[in-house]
Amino acid sequence: QLAARHWIECQHAGADRPCSGEQDEQEQHEGFKRSADVWQAAERGQQVAVNDRFGQAKEGVSDTRGVYGDFYHVEYHADIDRTKPWAMWRGFGNSYGYNRNEHEDNILTTAQTVQMVVDVVSNNGNIEFNLGPKADGTLAAFEVERLEAMGRWLGVNGESIYGASKSPFGAQDFGRTTWNPERRRLFAHVYRWPESGLVTLKGARMKPTAATLLARPGDPVAVRATDE
């Protein structure tokens, strides 16, 4: 990323002045717009994605976060326009890298980790968890535990995440929904089973034909349309 930024700044510095990392606000915005065109290399058979981490929100430098790029990037919080592809990068705790003083209250539980994945995908995003090895190169036990938990869950429910994205129905009282366009399947992620035992999908106007639990594909689930 740093190399790409340096190349962009040098590329557009011009022959009449030296290459410099200092740019005023207008130069940076214009430079980034041009660089986006430069990096759109599909016609050259290259696959390149540009994020929006070119600028910083500080005095004298323009803030390009959530403005330019092929996708937006956030760390921990997703206060952005989610209609455009975006990605969240975070640790299982509040620290990037290993922190032996990380308080357990700051670490996602295994259930929260899975729900975080679902939350992000159901909002049109992608999530990457940062892993910080200890001095001996091993991972903290809580990181291994959460990776294994995600692996087990995805082994059963992966089709509701891989290739899936935001559904037309958004968040629901019971949890979240995702949609796989290739398979034309809607997935309901139930965080909290209603006391009635009935999961109601609000906003659906089509008549359902069938439903099943991914964990028990051979056992059909009763489904019906209502007037509500």
Side-chain angles (χ1 to χ4, degrees), residues 71-72 74-94 102-130 141-228:
F71 68 97
Y72 299 155
V74 296
E75 296 174 2
Y76 287 86
H77 301 288
D79 299 327
I80 57 172
D81 176 10
R82 302 183 189 185
T83 60
K84 185 166 183 172
W86 63 279
M88 176 187 287
W89 299 340
R90 59 159 297 151
F92 291 116
N94 286 346
E102 184 88 71
H103 195 280
E104 62 180 12
D105 290 345
N106 296 333
I107 301 173
L108 296 173
T109 65
T110 53
Q112 289 172 333
T113 299
V114 170
Q115 289 185 8
M116 178 71 69
V117 173
V118 175
D119 285 347
V120 171
V121 174
S122 69
N123 272 297
N124 201 39
N126 183 62
I127 188 167
E128 298 177 16
F129 286 102
N130 174 268
F142 74 85
E143 292 184 323
V144 175
E145 181 182 0
R146 280 143 188 79
L147 287 173
E148 291 178 342
M150 278 197 299
R152 289 191 299 270
W153 188 86
L154 288 168
V156 175
N157 302 283
E159 64 179 291
S160 68
I161 298 296
Y162 299 121
S165 60
K166 185 176 182 179
S167 86
F169 309 110
Q172 297 281 322
D173 293 340
F174 58 79
R176 300 290 184 269
T177 58
T178 56
W179 168 253
N180 189 313
E182 290 188 4
R183 304 195 65 180
R184 297 192 59 80
R185 286 190 176 180
L186 176 72
F187 299 92
H189 300 265
V190 182
Y191 293 175
R192 299 166 297 277
W193 281 98
E195 293 182 1
S196 65
L198 298 176
V199 175
T200 302
L201 179 66
K202 297 180 179 179
R205 300 186 181 278
M206 71 287 195
K207 184 177 180 179
T209 58
T212 187
L213 295 175
L214 291 178
R216 297 199 301 270
D219 300 333
V221 176
V223 59
R224 62 185 175 86
T226 69
D227 296 328
E228 298 180 3

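Residues passing the salt bridge (charged side-chain N to carboxylate O under 4.0 Å, His left out) test with Asp219, sequence neighbours excluded: Arg216.
By the 4.5 Å heavy-atom criterion applied to side chains, Trp86 and Val74 are counted as neighbours. Proximity of Thr113 to Phe129: side-chain heavy atoms (C-beta onward) are separated by under 4.5 Å at one or more points. For the pair Val121/Asn126, no side-chain contact is recorded, criterion being any heavy-atom separation below 4.5 Å from C-beta on. Between Leu108 and Arg90 there is a side-chain heavy-atom pair separated by less than 4.5 Å.
Here the CZ atom belonging to Phe174 is positioned 9.5 Å from the CZ atom belonging to Arg192, to the nearest 0.5 angstrom. Atom OG1 in Thr200 sits 8.5 Å away from atom CG in Asp173 (nearest 0.5 Å). Considering CE of Met116 and OG1 of Thr109, their distance stands at 10.0 Å, rounded to 0.5 Å. For the atom pair CZ (Arg183) and OG (Ser160), the distance works out to 10.5 Å, reported to the nearest 0.5 Å. Summarising the geometry, atom CH2 belonging to Trp89 is positioned 10.5 Å from atom CG belonging to Asn130; distances are rounded to the nearest 0.5 Å. Of the inter-residue distances, the one linking Glu143 atom CD with Glu102 atom CD reads 9.0 Å to the nearest 0.5 angstrom.
Not one N or O on the side chain of Thr110 forms a donor-acceptor pair closer than 3.5 Å with the backbone of Ala149. In terms of modelled atom types and a separation under 3.5 Å, the side chain of Tyr162 and the main chain of Leu154 share no donor-acceptor contact. Between the side chain of Gln172 and the backbone N or O of Lys202 there is at least one donor-acceptor pair closer than 3.5 Å. Between the side chain of Asn123 and the main chain of Gly125, no donor-acceptor pair closer than 3.5 Å is present.
Residues Pro217 and Ala215 share a closest heavy-atom pair of CD-C, 3.6 Å. Between Pro181 and Gly163 the shortest heavy-atom distance is CD-O, 3.5 Å. Closest of all the heavy-atom pairs between Ala171 and Arg176 is CB-NH1, 3.8 Å.
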Would Ile107 and Arg146 satisfy side chain to side chain contact (heavy atoms under 4.5 Å, CB included), going step by step from the backbone distance to the final call? CA-CA 10 Å; Ile107 301 173; Arg146 280 143 188 79; 3.6 Å; yes

In residues 184-191, what donor-acceptor pairs under 3.5 Å come from side-chain atoms, sequence neighbours left out?
residue	atom	partner	partner atom	Å
Arg185	NH1	Glu159	OE1	3.3
His189	NE2	Thr178	OG1	3.0
Tyr191	OH	Gln115	O	3.3
Tyr191	OH	Asp119	OD1	2.8

